[in-house]
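These notes concern the structure reproduced below.
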Amino acid sequence: MNIRTSEHQNAVIRVGFGYDIHKLVKGRPLFLGGIKIPYSKGLLAHSDGDVLLHSICDSLLGAAGLGDIGQHFPNTAQKYKNISSLVLLEKIFVLLKNSGYKIINIDTMLVAKEPKISPYIEKMKKEISKVIGTKNISIKATTNEEIGDIGKGKAICSYSICLIEKNV
Ligand code: ZN
């Protein structure tokens, strides 16, 4: 989409969507939105399993037409084992910046039976904005009403959507 904005003569605006899911297992720390949350289980993944950040990463890559998170950080690469997903998000932010894009806003939806997410949302937003330089981040959460594996607490998933722009 090519639009004329008040700030810029011409800007390309692009939307991106991202989704991720990981299983909850015993013996792993729980990382969501770049912070460690006290809980009896954690998300099973090659990295720290931060579904929220992974869905954000995929939405940003999608908006910029730069592929997906699995292409950039293969789960077979030893160097990404248990890596903080904030590091992955930062690498993707740099990729976008180098392609001339600026993030307008990000909206997310975390779906988790437990733990209760709302006490951590402000801290998550702060950690994410430190990396991507915008405070226009929305984090929402819902429980899935005990429906399906997520509703029964076997997994956590996250959906993200973002808008990015580039001056042309
Ligand atoms: Zn993931």
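Just so it is clear, the values below take in all heavy atoms, side chains as well, and ignore hydrogens, waters and symmetry mates. Quantities reported herein were computed from a predicted structural model and do not represent experimental measurements. For the single chain, residues carry numbers from 1 onward in sequence order. Counting convention: from 1, in listed order, for ligands and their atoms alike.
The only option from Val51, Asp50, Ile21, Ile150 that meets the side chain to side chain contact (heavy atoms under 4.5 Å, CB included) definition with Ile156 turns out to be Val51.
Under a 3.5 Å cut-off, the side chain of Ser99 and the backbone N or O of Tyr101 do not form any donor-acceptor pair.
Contact between Ile117 and Ala141 at its shortest, heavy atoms only, is CB-CB, 3.7 Å.
Taking 2.8 Å as the threshold, Asp50 does not count as a candidate ligand of the Zn ion (ligand 1), since none of its N, O or S atoms lies below it.
Residue His54 approaches the Zn ion (ligand 1) most closely through its N/O/S atom ND1. Of all N/O/S atoms in His22, NE2 sits nearest the Zn ion (ligand 1). Per residue Asp20, closest N, O or S atom to the Zn ion (ligand 1): atom name OD2.
Under a 4.0 Å N-O distance rule, the pair Lys140/Asp107 qualifies as a salt bridge.
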